[in-house]
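See structure below.
Predicted model only: the values in this text are computed from it and were never measured. Counting begins at 1 with the first residue of the sequence.
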Amino acid sequence: ARGRVDAETVAKVTRDYDLPADVPVFLFVGRMMTYKGLPIILDAMKILADKGMDFRMVFIGKGPDRELLEESARELGLMGGSSADKCIFTGPVYDRDVLRAWNTRADLFLFPSTFDTNGLVVREAAACGLASVLIRDSCAAEGITDGQNGFLIDENAESMAELLLQVSGDLDHLHEVGQ
């Protein structure tokens with residue numbers, strides 16, 4: 001369904017997670033596979049953390065690489081029991097309304113895959129007014145004009161981190177691009 005969900009539903013879905021209102025929330029939904037560019041996300045998050053930026057990166061899904069990715073997040077110091085873990089792995093979510101709530105709560109959808117064609121998750125995010133970050137010239141980025149209806153980066157963590165640092169200072173603009 002198109003449109004954002006109400007604040008009460010978002011609060012109910014996200015109540016068990018540390019998601020401060022003034023901290024950017026980045027989201028990935030999909031199979032936990034390294035070939036979908038997930039190491040790029042983790043390395044970009046490490047760059048942001050090292051620069052002192054506060055954020056939350058939420059991964060929703062399951063897959064054969066989930067444990068490896070969680071271990072990488074721990075090794076990078078992005079999670080590990082702290083009350084302010086920067087990375088959160090929720091596991092799979094199958095309820096479309098719960099996914100809509102996450103898409104409503106997030107500030108930006110990260111999808112650095114060059115494997116996927118026209119990812120349904122990108123369209124689901126867009127239906128909720130959530131802009132995506134995609135790899136320039138990838139199939140998933142077809143129809144995206146950088147800064148207008150999404151954001152395009154090079155296929156590396158530095159490019160993603162640079163973009164996230166640049167755009168996270170103006171969350172209203174992120175929401176306008178999402179619309």
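A salt bridge links R100 with D97: at least one charged nitrogen is closer than 4.0 Å to a carboxylate oxygen.
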Residues D50, K46; criterion side-chain contact (heavy atoms from CB on, under 4.5 Å); working and verdict: CA-CA 6 Å; D50 287 350; K46 174 64 172 163; 3.1 Å; yes
Test side chain to side chain donor-acceptor pair (under 3.5 Å) applied to T9 and D6, step by step: CA-CA 6 Å; T9 302; D6 61 271; 2.9 Å; yes
side-chain contact (heavy atoms from CB on, under 4.5 Å) between D107 and S168, intermediate numbers included: CA-CA 9 Å; D107 296 299; S168 291; over 6 Å; no
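The hydrophobic clustering, which links ILVMFWY residues whose side-chain heavy atoms are closer than 4.5 Å, places L134 and L165 together. L164 is not connected to V23 by any chain of hydrophobic side-chain contacts under 4.5 Å among Ile, Leu, Val, Met, Phe, Trp and Tyr, and they are in different clusters. In the hydrophobic cluster analysis, where Ile, Leu, Val, Met, Phe, Trp and Tyr join through side-chain heavy atoms closer than 4.5 angstrom, I135 is grouped apart from I47.
Judged as a salt bridge (charged side-chain N to carboxylate O under 4.0 Å, His left out), and not counting sequence neighbours, the contacts of D154 are R136.
Ring pair W102/Y17 is perpendicular by interplanar angle, where above 60° counts as perpendicular and below 30° as parallel. Aromatic ring orientation, F151 versus H173: perpendicular (interplanar angle above 60°, classes split at 30° and 60°).
Once rounded to the nearest 0.5 Å, the distance linking OG1 of T104 with CG of L99 reads 10.5 Å. Rounding to the nearest 0.5 Å gives a distance of 9.5 Å between CG of L108 and CE of M57. Between the CZ atom of F28 and the CG atom of L38 there is a distance of 4.5 Å, given to the nearest 0.5 Å. Between the OG atom in S72 and the CG atom in L78 there is a gap of 10.0 Å [rounded to 0.5 Å]. From Y35, atom OH reaches atom OG1 of T114 across 11.0 Å, with rounding to the nearest 0.5 Å. Between M160 atom CE and I153 atom CD1 the span is 4.0 Å, to the nearest 0.5 Å.
For the pair N156 (side chain) and S159 (backbone), a donor-acceptor distance under 3.5 Å is present. Looking only at distances, a side-chain donor or acceptor of R56 sits under 3.5 Å from a matching main-chain atom of D18. Listed for the D146 side chain is a donor-acceptor partner under 3.5 Å among the backbone atoms of L152. Judged by distance alone, the side chain of N149 and the main-chain N or O of G143 form a donor-acceptor pair under 3.5 Å. With D65 contributing its side chain and T34 its backbone, the two residues share a donor-acceptor pair below 3.5 Å. Distance alone, capped at 3.5 Å, is enough to place a donor-acceptor pair between the S113 side chain and the F115 backbone.
Contact detail for C87 and M79: the closest heavy-atom pair is O-CB, 3.7 Å. The two residues P64 and R31 come nearest to each other via the heavy atoms CD-NH2, 3.5 Å. A pairwise comparison of heavy atoms in L42 and A73 identifies CD2-CB, 4.0 Å as the closest pair. The two residues A106 and L130 come nearest to each other via the heavy atoms O-CD1, 3.4 Å. The two residues R105 and V10 come nearest to each other via the heavy atoms CB-CG1, 3.6 Å. Nearest heavy atom pair, residue G150 against residue V177, reads N-CG1, 3.2 Å.
Judged by a 6.0 Å distance limit and a 45° cone about the ring axis, K86 is positioned over the six-membered ring of F55.
Within a 6.0 Å radius of CD in E70, other residues, nucleotides and ligands contribute more than 12 heavy atoms. Within 6.0 Å of the CZ atom in R123, the count of heavy atoms belonging to other residues, nucleotides or ligands exceeds 12. Annotation: E67, atom CD; neighbour count of heavy atoms from other residues, nucleotides and ligands within 6.0 Å does not exceed 12.
A ring pair (Phe, Tyr, Trp, His ring centres under 6.0 Å) with F59 holds for exactly one of F111, F109, F89; it is F89. The only member of L110, I60, V58 that meets side chain to side chain contact (heavy atoms under 4.5 Å, CB included) when paired with V29 is I60.
No side-chain heavy atom of P112 sits under 4.5 Å from any side-chain heavy atom of E155. At least one side-chain heavy atom of M45 sits less than 4.5 Å from a side-chain heavy atom of F26. A 4.5 Å side-chain heavy-atom check between I88 and L19 finds at least one atom pair inside the cut-off.
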